[in-house]
Engineer: 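Quick one: the structure is below, and I'll ask about it shortly.
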Amino acid sequence: MAERDQLRLRGLLPPAVETLENQLTRAFEQFRGKANHMERYLFLSNLRHTNTNLFYRMVLTSPEELMPIIYTPTVGNACVNYSHIYPFLHPEGSFDGLFISVEDLPHLDRILENYRNSLPDSELRPDIAVLTDGSRILGLGDLGVGGMGIPVGKLQLYVAAAGIDPRKTLPICLDFGTNNQKNLDDPLYLGLRRKRLDGDEFYNAVDTVLATLHKAFPKMLIQFEDFSSEHAFELLDRHRERYLSFNDDIQGTGAVILSGFINAVREVGIPAKQHRLLFFGAGSAAVGVAKQIMDYFVLEHGMTEDEAKRLFWLNDSKGLVTLDRGDKLAQHKVYFARDDNEGKQFKDLKETIEHVRPTALIGLSSQQGMFTPEVLQILTKINERPIVFPLSNPATQAECSFEQAMIHTKGKVLFASGTAFPRYKDEQGVEHVPGQGNNMYIFPGLGLGAILARPSRITDTIIYASAAALADSLTEDERKSHLLYPRIDRIREVSAVVAAAVCRQAVKENLATEPEILSILPVGETAEVGSPAWIQLVRHVQSRMWSPGYQSR
Ligand code: NAD
């Protein structure tokens, strides 16, 4: 009651003074009483705006129940319907994030000033922005300003999984137009009614926004999200040396799959150099993942880039990608195109498998069911323990399910998928847990590490360190259960380890600028896992994680 008097709240609230646990019980009761996932999404969205602590306590209390509501798959639906479900936010209250339209480009300083004035504390500075232009939202395509749901949702995962302070997160949606006719025809569409900028106009506009953001908040980390593939690589290349930034679709995905692959190689037990990887699908995701896994052979096994490259085969809709196939290969496929096919072309996946004899088959094709029983059986003939990663999302596009992979490899498979598959109970009644290459294992810890060490840029080797740390984060018990990824309910513990590894690598590369980290890890301190310096570093990271509690805002 003393606190109520201090805050001048006596009489404005019902008399019972409650604990957060009481409130949590009520909140779950209301949440679970909703008719469908969209209603639950709206309930949570409203709660986040009105009671941040209670919202995050809910997320951390029951992550398996809430994550699919605040992020995929429900968030996809929310983005599609954004202009219809947009809440009637009070102009002086909280807001979803920054909308920066092409018409705002001359007024960016004013936008940032308005943002600063909206903060509850004038000293606050954003630590991290997630930035999208809504052009390739999940697998749903161009959703224009509806894409705002993604930075909003993703930053909630940064808070929940890595304890980044929610008041220091900044969702940004660029509105450089939309090519989605449905949006343009919708009278309630909340974005600009114009076609998208392209080419130099697009890149120059992004340059202007980033330069202004950097001037205002020089230490802020920028995470690029859900830009169309044609812009995503170029944007990253253009800005990664200049600003503290990364792209989760490219680098986060690459790192999380690399980590699962490292653990699969440990399980298979044949020398790393004898692995042969066949990618089914040769789009931006496949090429990004393949390049990240290549680093493993180069950095951990001393191979040259060319030697490592030769362990990879890509297969697209026309068959095995070879230099002499006769069609003009898209630029991103040329790097891995084979020249050792002796003029022979392979169209059918089974034929390609007989030719390549892969130890690992990785699906990034969005083609459901392409890893047929026969394909899985052939792989099991070639390998004692075949590695099969059907990574396409959602489940309706996955190349095979966990159950199919278990049945047709007689339980020998080392499996990771993009989507969450149910556990599989074998004939003896033993339950097997599928691996899920969920980006959430990497980006929160990577983001937190970058915020705490503030390297001048995020290098490939920092990304690699995050993947290696994730691979090493499995407990004895998880290894005994042959898991490729840690259990998701340990996510905060895992994020702390990933963040610590990012800090350590940033110091090693002489890029870290944050004095606190440099005092724990002076340049030259190797901080091997388990050493006093490493333990101190992990503790420091954990001490900097925000947790929902009673702290006043
Ligand atoms: P994309 O459209 O750029 O690439 C698809 C590729 O599949 C193309 O190379 C295409 O030629 C090939 N393909 C299509 N039909 C084929 C067929 N019948 N046989 C062989 N190849 C065929 O898409 P993308 O952005 O590279 O994403 C691909 C998939 O990866 C999506 O389903 C996406 O959800 C998934 N993905 C998963 C994760 C993850 O698990 N964390 C991350 C990123 C992307």
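Read the numbers this way: they start at 1 and go in the same order the structure lists the ligands and their atoms. All values derive from a computational prediction rather than experimental measurement.
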Engineer: Any nitrogen or oxygen of Ser317 lying under 3.5 Å from a nitrogen or oxygen in ligand 1? Just yes or no.
Structural biologist: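 Such a contact does occur with ligand 1.
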Engineer: Between Asn77 and His37, is any side-chain donor less than 3.5 angstrom from a side-chain acceptor?
Structural biologist: no
Engineer: Would you mind running through ligand 1 and noting each atom that sits below 4.0 Å from a heavy atom of Gly437?
Structural biologist: 40 (O), 41 (N)
Engineer: Measuring from atom 3 (O) of ligand 1, which candidate in Ser392, Gly260, Gly283 has the nearest non-hydrogen atom?
Structural biologist: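 Minimum heavy-atom distance to atom 3 (O) of ligand 1 goes to Gly283.
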Engineer: Nearest protein heavy atom to atom 7 (O) of ligand 1: under 4.0 Å?
Structural biologist: yes
Engineer: What atoms of ligand 1 come within less than 4.0 Å of a heavy atom belonging to Gln397?
Structural biologist: 32 (O)
Engineer: Answer with side chain, backbone, both or neither: which part of Thr253 has a heavy atom less than 4.0 angstrom from an atom of ligand 1?
Structural biologist: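 Side chain only; the backbone of Thr253 stays clear of ligand 1.
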Engineer: Check ligand 1 against Ser366 and write out every atom of the ligand that is under 4.0 Å from a heavy-atom position of the residue.
Structural biologist: 28 (C), 29 (C), 31 (C), 32 (O)
Engineer: Can you pull out the closest protein heavy atom to atom 12 (C) of ligand 1? Residue, atom name and distance to 0.1 Å, please.
Structural biologist: Gly281 CA, 3.8 Å
Engineer: Just to confirm my output: which protein heavy-atom neighbour is closest to atom 37 (C) of ligand 1, and how far is it?
Structural biologist: Leu391 O, 3.2 Å
Engineer: Taking the six-membered ring of Phe336 as reference, does the cationic atom of Lys309 (NZ for Lys, CZ for Arg) lie under 6.0 Å from its centre and within 45° of its axis?
Structural biologist: no
Engineer: Give the residue and atom name of whichever protein heavy atom lies nearest to atom 33 (C) of ligand 1, and the separation in Å to one decimal.
Structural biologist: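 The answer is Asn393 N, 4.0 Å.
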Engineer: Starting from atom 18 (N) of ligand 1, locate the nearest protein heavy atom and write down its residue, its atom name and how far away it is, to 0.1 Å.
Structural biologist: Gln367 CG, 3.7 Å
Engineer: Begin from the C-alpha positions of His355 and Asn341 and carry the test side chain to side chain donor-acceptor pair (under 3.5 Å) through to its verdict.
Structural biologist: CA-CA 9 Å; His355 167 68; Asn341 50 317; over 6 Å; no
Engineer: Would a search of protein heavy atoms around atom 26 (O) of ligand 1 find one under 4.0 Å away?
Structural biologist: yes
Engineer: Which is closest to atom 40 (O) of ligand 1 by heavy-atom distance: Ala286, Ala416, Gly252, Gly418?
Structural biologist: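 Nearest option to atom 40 (O) of ligand 1, by heavy atoms: Gly418.
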Engineer: Please say whether Ala285 places an N or O atom under 3.5 Å from an N or O atom belonging to ligand 1.
Structural biologist: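 The answer is yes, given that Ala285 and ligand 1 share an N or O pair closer than 3.5 Å.
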Engineer: Between Asn439 and ligand 1, which part of the residue brings a heavy atom under 4.0 Å of the ligand: side chain, backbone, both or neither?
Structural biologist: side chain
Engineer: Evaluate the side-chain proximity of Lys412 to Pro386: yes if any heavy-atom separation is below 4.5 Å, no if none is.
Structural biologist: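 Yes, side chains in contact.
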Engineer: Quick one: does NZ or CZ of Lys273 land under 6.0 Å from the six-membered ring centre of Phe297, within 45 degrees of the ring axis?
Structural biologist: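 No.
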Engineer: Give the residue, atom name and distance (to 0.1 Å) of the protein heavy atom nearest atom 9 (O) of ligand 1.
Structural biologist: Ala282 N, 2.9 Å
Engineer: Is the shortest heavy-atom distance from the side chain of Leu235 to the side chain of Val206 under 4.5 Å?
Structural biologist: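 SC-SC contact between Leu235 and Val206 confirmed.
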Engineer: Is any NZ, NE, NH1 or NH2 atom of the basic residue among Arg325 and Asp316 found under 4.0 Å from an Asp or Glu carboxylate oxygen of the other?
Structural biologist: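 Counted as a salt bridge, because a side-chain N and a carboxylate O are separated by less than 4.0 Å.
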Engineer: Do Ser417 and Thr419 pass the side chain to side chain donor-acceptor pair (under 3.5 Å) test, and can you show the C-alpha distance, the side-chain angles, and the key distance before you say yes or no?
Structural biologist: CA-CA 5 Å; Ser417 54; Thr419 191; over 6 Å; no
Engineer: How far is atom 36 (N) of ligand 1 from its nearest protein heavy atom, and which residue and atom is that?
Structural biologist: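 Protein heavy atom at minimum distance: Leu364 CD2, 3.8 Å.
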Engineer: So, Asp324 versus Thr322: side-chain donor-acceptor pair below 3.5 Å or not?
Structural biologist: yes
Engineer: Would you say that Leu361 contacts Phe371 through its side chain, given a criterion of any heavy-atom pair below 4.5 Å between the two side chains?
Structural biologist: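 Yes. Closest side-chain heavy atoms under 4.5 Å.
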Engineer: Once side-chain hydrogen bond (donor to acceptor under 3.5 Å, both in side chains) is applied, what residue pairs with a partner in residues 381-393 remain, sequence neighbours excluded?
Structural biologist: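 Qualifying pairs, neighbours excluded: Ser392-Glu399.
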Engineer: Could you tell me which atoms of ligand 1, counted from 1 in the order shown, lie closer than 4.0 angstrom to a heavy atom of Phe280?
Structural biologist: 19 (N), 20 (C)
